[in-house]
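Everything on this sheet refers to the single structure shown next.
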Amino acid sequence: MMVDRRHSGPSGQAGPAAVPLYGFQPPVGTPYGLEVSTVEDFFAQHDDWPWNPPRPGRATFHYLIAVTEGELRHDVDHVTRTVAPGQWLWVRPGHAQCWHPPGTARGPFILFEPDVLRPDLARLLAPLTAHEAPAVLSPHPDDIAWLQQTALQLLDEHRALGRRPLDVHHALRRSLLESLLLRLANSPGIVPVATATAGTGRADRYGRFLDALELHFRDLHQAADYAELLGCSVRTLSRAARGATGKGVRELIDERRLLEARRLLSVARWDARTVADHLGFTDPANFGRFFRDRTGLTPAAFAASEATTHP
């Protein structure tokens with residue numbers, strides 16, 4: 001399995017429901033937080049399917065796949081996504097994902113760390129890299145061919161390591177990636193890039209908080225935990241959160257935990273005890289109160305209603 005061969009091991013597991021977190025560790029000789037391959041090469045290199053069996057995992061980096069032929073099925077946050085030719089799959093840092101059996105899909109497969117993007121470009125691309133952005137992107141028809149060709153050029157440059165000076169190789173790869181992402185940002189369902197150009201220090205801090213929250217909401221539940229991670233005071237972090245959303249840090253943490261709970265109880269059909277353990281509750285009863293106070297339903301009642309609505 002790719003995470004066993006190419007990524008560091010899980011940071012720790014807290015029971016059967018735990019989804020391990022993997023860091024970026026490309027093959028030896030691959031420089032600069034960016035790796036490019038193809039879906040078909042990925043499956044060819046992992047021909048020991050079914051990986052006994054495939055399991056969900058989370059990563060600290062981005063997975064970006066362009067489907068040029070066939071169809072790709074992939075679970076993102078416990079929901080199965082189907083990606084058709086011309087579409088792109090984007091799994092962002094912290095999102096749970098799970099591979100499906102190899103199919104007919106072909107196309108470029110790009111993995112990159114968030115800090116590959118320069119700060120000014122990261123602000124422009126914030127709506128695209130945001131955790132709530134769509135997992136499946138359907139670019140404008142006029143952009144499909146250009147995007148696929150640029151992805152193939154990025155793949156070619158990635159494979160050209162050693163043909164030109166290393167700093168030139170780095171610059172070309174980053175330039176192609178940034179061009180690709182800027183064009184993808186025009187996809188339907190993505191907030192116009194222009195709305196993200198007024199980034200301030202407070203907005204940047206809130207963005208860093210969202211990144212940290214997506215990676216750690218299962219195990220860190222206090223505002224002080226995130227302030228410590230970001231190297232600021234709780235008051236400073238609270239101002240950034242309220243300035244961006246009008247909500248407090250603890251409220252945002254609880255909202256993210258609740259969103260995950262709803263996904264797991266409805267789509268993934270996990271039981272309440274397993275969800276409670278997965279989200280870091282010390283007692284299923286505490287989880288039950290948390291869920292009921294925010295939805296008006298017990299976890300079991302919510303799951304039953306979802307099963308009836310979406311059998």
Side-chain angles (χ1 to χ4, degrees), residues 10-12 14 18-24 33 58-62 77 90-96 112-134 181 185 190-264 275-276 278-282 286-287 289-291 293-295:
S11 58
V19 179
L21 178 67
Y22 299 100
F24 188 79
R58 296 181 293 132
T60 61
F61 49 92
H62 294 273
D77 279 344
W90 195 319
V91 184
R92 295 163 180 88
H95 285 183
F112 66 96
E113 294 185 286
D115 60 5
V116 164
L117 302 175
R118 293 173 295 166
D120 57 331
L121 263 298
R123 284 194 292 270
L124 284 173
L125 294 168
L128 185 66
T129 59
H131 305 299
E132 65 272 15
L181 298 184
I190 302 297
V191 178
V193 169
T195 64
T197 57
T200 64
R202 182 176 294 181
D204 289 345
R205 184 172 290 110
Y206 174 68
R208 290 171 57 216
F209 163 67
L210 286 183
D211 290 339
L213 177 63
E214 194 63 27
L215 292 176
H216 298 292
F217 70 85
R218 298 163 185 84
D219 51 338
L220 299 182
H221 310 136
Q222 304 298 325
D225 296 329
Y226 292 92
E228 181 178 357
L229 276 178
L230 300 178
C232 66
S233 68
V234 172
R235 183 177 180 182
T236 297
L237 180 58
S238 297
R239 284 201 301 265
R242 290 199 178 278
T245 67
K247 300 176 182 178
V249 175
R250 182 56 187 267
E251 184 178 0
L252 294 170
I253 296 169
D254 286 349
E255 284 184 354
R256 184 62 186 91
R257 297 175 85 193
L258 180 63
L259 173 61
E260 190 80 353
R262 292 169 67 98
R263 286 172 173 167
L264 296 175
V275 174
H278 178 70
L279 294 178
F281 287 90
T282 57
N286 291 337
F287 169 64
R289 285 190 291 272
F290 169 89
F291 193 89
D293 289 347
R294 290 159 179 78
T295 66

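Positions are given from 1 along the sequence.
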Nearest 0.5 Å please: distance from the [atom1] atom of [X] over to the [atom2] atom of [Y].
{"X": "F217", "Y": "L220", "atom1": "CZ", "atom2": "CG", "value": "11.5 Å"}
{"X": "R92", "Y": "L128", "atom1": "CZ", "atom2": "CG", "value": "6.0 Å"}
{"X": "L258", "Y": "I253", "atom1": "CG", "atom2": "CD1", "value": "13.5 Å"}
{"X": "R257", "Y": "L252", "atom1": "CZ", "atom2": "CG", "value": "13.5 Å"}
{"X": "R262", "Y": "T295", "atom1": "CZ", "atom2": "OG1", "value": "7.0 Å"}
{"X": "L213", "Y": "R218", "atom1": "CG", "atom2": "CZ", "value": "9.5 Å"}

*Are the charged groups of E260 and R263 less than 4.0 angstrom apart, N to O?*
yes

*Electrostatic pair E214-R58, nearest N-O below 4.0 angstrom*: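 No, E214 and R58 are not salt-bridged.
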
Is the side chain of [X] donor-acceptor paired with the backbone N or O of [Y] at a distance under 3.5 Å, no angle test?
{"X": "T236", "Y": "C232", "result": "no"}
{"X": "H95", "Y": "H131", "result": "yes"}
{"X": "D225", "Y": "Q222", "result": "yes"}
{"X": "R205", "Y": "L230", "result": "no"}
{"X": "R250", "Y": "A223", "result": "no"}

Grab the two heavy atoms, one from [X] and one from [Y], that are nearest each other, plus how far apart they are.
{"X": "I190", "Y": "A185", "result": "CG2-O, 3.4 Å"}
{"X": "L279", "Y": "A261", "result": "CD1-CB, 3.7 Å"}
{"X": "L215", "Y": "D219", "result": "O-OD1, 4.5 Å"}
{"X": "A241", "Y": "V249", "result": "CB-CG2, 4.0 Å"}
{"X": "P93", "Y": "P114", "result": "CG-CG, 4.0 Å"}

*Is there a side-chain contact between L124 and D120 (heavy atoms, below 4.5 Å)?*
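The answer is no; the side chains never approach within 4.5 Å.
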
*Is it the case that more than 12 heavy atoms not belonging to E228 sit under 6.0 Å from its CD atom?*
no

_Aromatic plane relationship, Y226 with F209 - under 30° parallel, 30 to 60° tilted, over 60° perpendicular_ =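 Judged by the thresholds at 30° and 60°, the geometry between F209 and Y226 is perpendicular.
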
*asked:* Check the orientation of F281 and H221. Use parallel for under 30°, tilted for 30 to 60°, and perpendicular for over 60°.
replied: parallel

*Between F112 and L181, does a side chain to side chain contact (heavy atoms under 4.5 Å, CB included) hold up when you go through it step by step?*
CA-CA 12 Å; F112 66 96; L181 298 184; 4.0 Å; yes

*Under the side chain to side chain contact (heavy atoms under 4.5 Å, CB included) rule, what do F290 and D254 come out as? Steps first, then yes or no, please.*
CA-CA 9 Å; F290 169 89; D254 286 349; 3.8 Å; yes

*Report the C-alpha separation of L237 and Y206 in whole Å, then their side-chain angles, then the decisive distance to 0.1 Å, and conclude whether the side chain to side chain contact (heavy atoms under 4.5 Å, CB included) test is met.*
CA-CA 7 Å; L237 180 58; Y206 174 68; over 6 Å; no

*In sequence, state the C-alpha distance, the side-chain angles, and the governing distance for T129 and H62, and then conclude on side chain to side chain contact (heavy atoms under 4.5 Å, CB included).*
CA-CA 9 Å; T129 59; H62 294 273; 4.1 Å; yes

